[in-house]
Colleague: 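Before I ask anything, let me first share the structure, which is written out below as structure tokens.
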Amino acid sequence: MCRNIRCLHNFEPATTDDEVREAALQFVRKVSGSTRPSRANAAAFDQAIDEIAAATRRMLDQLVTTAPPKSRELEAIKGRERHEKRMEREVRIRTASV
């Protein structure tokens with residue numbers, strides 16, 4: 001999965017429409033292989049973003065869970081920790097082959 005697409009389910013406060021749209025945009029960029037479509041493809045690109053955002057919103061609204069809501073701050077800290085571990089691993093790999 002694209003690292004820029006974040007989990008949007010079960011947060012307090014609830015996921016905003018802007019967050020849903022950003023995830024849809026990242027998905028369309030990944031699938032299309034383009035961060036900016038040509039003018040000829042702009043309408044298809046925008047339509048895909050709208051449709052994916054709408055489907056994502058519907059899904060999020062229908063999901064149920066008994067788990068307590070997640071904290072954005074805690075999830076951000078966990079993400080930074082995962083990133084640091086990944087970078088440490090990269091450095092070990094690169095320095096071991098030198």
Colleague: State the OG1-NZ distance between T35 and K30, to the nearest 0.5 angstrom.
Modeller: 12.0 Å
Colleague: When you compare the side chain of V28 with that of L25, does any pair of heavy atoms fall below 4.5 Å?
Modeller: no
Colleague: Flag the pair R94 and E90 as a salt bridge only when some basic side-chain nitrogen lies within less than 4.0 angstrom of an acidic carboxylate oxygen.
Modeller: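 Counted as a salt bridge, because a side-chain N and a carboxylate O are separated by less than 4.0 Å.
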Colleague: Which value, rounded to the nearest 0.5 Å, describes the distance between I49 atom CD1 and S32 atom OG?
Modeller: 8.5 Å
Colleague: Once rounded to the nearest 0.5 Å, what's the spacing between atom CG of L63 and atom NE2 of H9?
Modeller: 5.0 Å
Colleague: Which atom names give the shortest non-hydrogen contact between A42 and P37, and what distance separates them?
Modeller: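 That closest heavy-atom pairing would be CA-CG, 3.9 Å.
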Colleague: Tell me if a side-chain donor or acceptor on Q62 pairs with a main-chain N or O of M59 at a distance below 3.5 Å.
Modeller: no
Colleague: Taking only residues two or more places apart in sequence or in another chain, which ones pass side-chain hydrogen bond (donor to acceptor under 3.5 Å, both in side chains) with T65?
Modeller: none
Colleague: Between A23 and L8, which heavy-atom pair has the shortest distance, and what is it?
Modeller: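 So the two residues come closest at CB-CD1, 3.9 Å.
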Colleague: Among all residues two or more places apart in sequence or in another chain, which pass the salt bridge (charged side-chain N to carboxylate O under 4.0 Å, His left out) test with E22?
Modeller: none
Colleague: Restricting to side-chain hydrogen bond (donor to acceptor under 3.5 Å, both in side chains), what partner residues turn up for R21, sequence neighbours left out?
Modeller: D50
Colleague: Can you run down the side chain to side chain donor-acceptor pair (under 3.5 Å) pairs that involve residues 76-85, sequence neighbours left out, and say none if there aren't any?
Modeller: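 Side chain to side chain donor-acceptor pair (under 3.5 Å) check on residues 76-85 returns E75-K78.
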Colleague: How would you list, by chain and number, every residue that makes a side-chain contact (heavy atoms from CB on, under 4.5 Å) with A53, sequence neighbours excluded?
Modeller: V20, A24
Colleague: Grab the two heavy atoms, one from R72 and one from F11, that are nearest each other, plus how far apart they are.
Modeller: NH1-CB, 2.7 Å
Colleague: Could you tell me which non-hydrogen atom of F45 sits nearest to which non-hydrogen atom of R29, and how far apart they are?
Modeller: CZ-CG, 3.9 Å
Colleague: Please name all residues satisfying side-chain hydrogen bond (donor to acceptor under 3.5 Å, both in side chains) with D61, sequence neighbours left out, ordered by chain then number.
Modeller: R57
Colleague: Any side-chain heavy-atom pair from C7 and K70 closer than 4.5 angstrom?
Modeller: yes
Colleague: Measure the spacing between OG1 of T56 and CZ of F27 and express it to the nearest 0.5 Å.
Modeller: 8.5 Å
